[in-house]
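One structure below.
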Protein chains: 2
Amino acid sequence: MTYAKSGWTALADSTRRTIFDLLVERPWSVGELAHRLPVSRPAVSQHLKVLKDAGLVVDRPAGKQRIYRVDPAGLTALRAELDLFWSKTLAAYKVAAEQPSEEL
Amino acid sequence: MTYAKSGWTALADSTRRTIFDLLVERPWSVGELAHRLPVSRPAVSQHLKVLKDAGLVVDRPAGKQRIYRVDPAGLTALRAELDLFWSKTLAAYKVAAEQPSEEL
DNA sequence: TCTTCGCGTAAGTCATGACTTACGCGTAAG
DNA sequence: CTTACGCGTAAGTCATGACTTACGCGAAGA
């Protein structure tokens with residue numbers, strides 16, 4: 001819940017979603033990601049920082065490089081929010097269905 | 001899938017998430033939302049347009065006012081993306097667990 | 001019909017943030 | 001120890017977008 005606010009904004013940026021798309025497959029180093037993306041390496045570092053602050057990824061030093069991977073806890077938090085949206089929406093629809101006055 | 005790209009950006013903004021939070025409870029008119037929020041009514045209209053373009057809400061004319069409600073299809077699309085992230089992450093962890101060389 | 005209400009849009013302002021290059025630090029190699 | 005590598009951060013630029021006020025349109029009431 002701590003990262004809830006920035007979780008959405010972290011995945012809002014297109015480049016960051018691409019990075020995250022790669023990270024869900026397997027761990028990547030910063031240089032690997034930068035080589036794969038059309039932006040500079042510092043830009044990748046900045047994006048990774050945002051994802052890390054949002055609790056979506058974690059990093060681990062490995063010699064000269066740094067390996068990033070997805071943090072399942074961050075994903076779980078986002079899913080919980082989305083599920084709450086979903087359940088409330090369904091509940092609202094149920095209420096609307098019980099009121100014969102209004103159509104959908 | 002058409003709205004997938006803008007779905008995240010639509011919920012990235014804090015004000016828009018607040019609007020969406022209200023809309024999942026029940027349908028609201030634009031004026032009601034504006035009265036509830038610390039921004040002007042045109043600002044609310046612009047936010048609703050973004051949410052509508054993202055497929056997250058639908059609107060319906062009701063006399064002089066316009067009623068907005070959540071579109072379950074948009075929520076489903078977001079959930080599908082998130083679930084895909086989740087399953088891929090789990091699969092990657094399973095692969096990592098089968099390789100005794102690296103720890104988490 | 002005239003007025004009022006609710007809303008969307010246009011235009012302009014200002015803050016946010018996504019990028020760049022330059023730099024500095026720790027690690028591995030020679 | 002010196003060099004090269006991988007990375008993070010600082011500083012500055014530029015585009016995006018979140019807001020405002022002003023305006024115009026359609027619907028309901030008098």
Side-chain angles (χ1 to χ4, degrees), chain A residues 3-23 26-71 101-103, chain B residues 3-23 26-71 101-103:
Chain A
Y3 314 112
K5 170 182 168 289
S6 41
W8 297 99
T9 64
L11 288 179
D13 181 70
S14 161
T15 301
R16 229 140 44 207
R17 269 201 309 278
T18 303
I19 292 178
F20 198 74
D21 262 321
L22 295 170
L23 287 179
R26 63 171 179 86
W28 289 68
S29 73
V30 180
E32 278 179 321
L33 289 171
H35 182 265
R36 190 75 146 63
L37 299 169
V39 295
S40 69
R41 188 194 47 72
V44 174
S45 277
Q46 292 165 9
H47 282 307
L48 286 170
K49 176 175 173 51
V50 174
L51 290 171
K52 185 180 176 182
D53 289 345
L56 290 172
V57 303
V58 291
D59 59 335
R60 163 177 54 97
K64 285 189 289 189
Q65 49 192 4
R66 202 154 193 97
I67 308 297
Y68 284 81
R69 62 173 179 83
V70 171
D71 184 0
S101 55
E102 297 183 4
E103 300 299 320
Chain B
Y3 314 113
K5 171 183 168 287
S6 41
W8 296 101
T9 64
L11 288 179
D13 181 70
S14 163
T15 302
R16 237 156 17 221
R17 268 202 308 281
T18 304
I19 292 178
F20 198 74
D21 261 322
L22 295 171
L23 287 180
R26 64 170 179 86
W28 290 68
S29 72
V30 180
E32 279 179 320
L33 289 171
H35 182 264
R36 191 73 148 62
L37 298 169
V39 295
S40 68
R41 187 194 47 74
V44 174
S45 278
Q46 292 164 9
H47 282 307
L48 287 171
K49 175 174 173 52
V50 174
L51 290 172
K52 185 180 176 182
D53 289 344
L56 290 172
V57 302
V58 290
D59 59 335
R60 163 177 55 98
K64 287 188 288 189
Q65 49 191 4
R66 201 153 194 96
I67 309 298
Y68 283 81
R69 61 173 180 83
V70 171
D71 184 359
S101 56
E102 297 183 3
E103 300 299 322

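Throughout, protein chains are lettered first and strands after them, A, B, ... in sequence-line order, and every chain is numbered starting at 1. Side chains included, hydrogens not; waters and symmetry mates left out as well; all remaining heavy atoms used.
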Side-chain donor/acceptor of B:Arg17 to backbone N/O of B:Ala12, under 3.5 Å: yes
Rounded distance in Å - CZ (B:Arg16) to C1' (C:dT16): 13 Å
Rounded distance [0.5 Å steps], OG1 in B:Thr9 versus CG in A:Asp13: 10.0 Å
CA sep, side-chain torsions, deciding dist, call: B:Arg41, B:Val30, side-chain contact (heavy atoms from CB on, under 4.5 Å): CA-CA 7 Å; B:Arg41 187 194 47 74; B:Val30 180; 4.0 Å; yes
Please list, for nucleotides 4-11 of chain C, all pairs of protein and nucleotide N/O atoms separated by less than 3.5 Å.
{"unit_1": "C:dC7", "atom_1": "OP1", "unit_2": "B:Val30", "atom_2": "N", "d": "3.1"}
{"unit_1": "C:dC7", "atom_1": "OP1", "unit_2": "B:Gly31", "atom_2": "N", "d": "3.4"}
{"unit_1": "C:dC7", "atom_1": "OP2", "unit_2": "B:Gly31", "atom_2": "N", "d": "2.6"}
{"unit_1": "C:dC7", "atom_1": "N4", "unit_2": "B:Arg41", "atom_2": "NH2", "d": "3.4"}
{"unit_1": "C:dG8", "atom_1": "OP1", "unit_2": "B:Tyr68", "atom_2": "OH", "d": "2.5"}
{"unit_1": "C:dG8", "atom_1": "OP2", "unit_2": "B:Ser45", "atom_2": "OG", "d": "2.3"}
{"unit_1": "C:dG8", "atom_1": "N7", "unit_2": "B:Arg41", "atom_2": "NH1", "d": "3.1"}
{"unit_1": "C:dG8", "atom_1": "O6", "unit_2": "B:Arg41", "atom_2": "NH2", "d": "3.0"}

Non-hydrogen side-chain atoms of A:Leu23 and A:Val57 separated by less than 4.5 Å: yes
Five-pair end axes of the helix from C:dT1-D:dA30 to C:dG30-D:dC1, angle between them (10°): 20°
Most 5' of A:Pro38 and A:Gly63 on DNA chain C, judged by nearest nucleotide: A:Pro38
Close side-chain approach of B:Leu48 to B:Leu33, heavy-atom, < 4.5 Å: yes
Spacing of B:Leu37 atom CG relative to D:dA18 atom C1', expressed in whole Å: 14 Å
Closest-nucleotide 5' rank along DNA chain C - winner of A:Ala62 and A:Asp13: A:Asp13
N or O in side chain of A:Ser40 less than 4.0 angstrom from C:dC19 OP1/OP2: no
Nearest-0.5 Å distance, CG of residue B:Leu51 to CZ of residue B:Phe20: 7.0 Å
Residue-phosphate contact under 4.0 Å: A:Thr15 side-chain N/O, C:dC19 OP1/OP2: yes
Contacts of type side chain to side chain donor-acceptor pair (under 3.5 Å), residue B:Asp71, not counting sequence neighbours: none
Cationic N near anionic O, under 4.0 Å, B:Asp53 to B:Lys49: yes
Atom-to-atom span, CG of B:Leu33 to P of D:dA18 - whole angstrom: 17 Å
Spacing of A:Lys52 atom NZ relative to D:dC7 atom P, expressed in whole Å: 14 Å
Inter-residue atom distance B:Thr18.OG1 - B:Arg16.CZ, 0.5 Å rounding: 11.0 Å
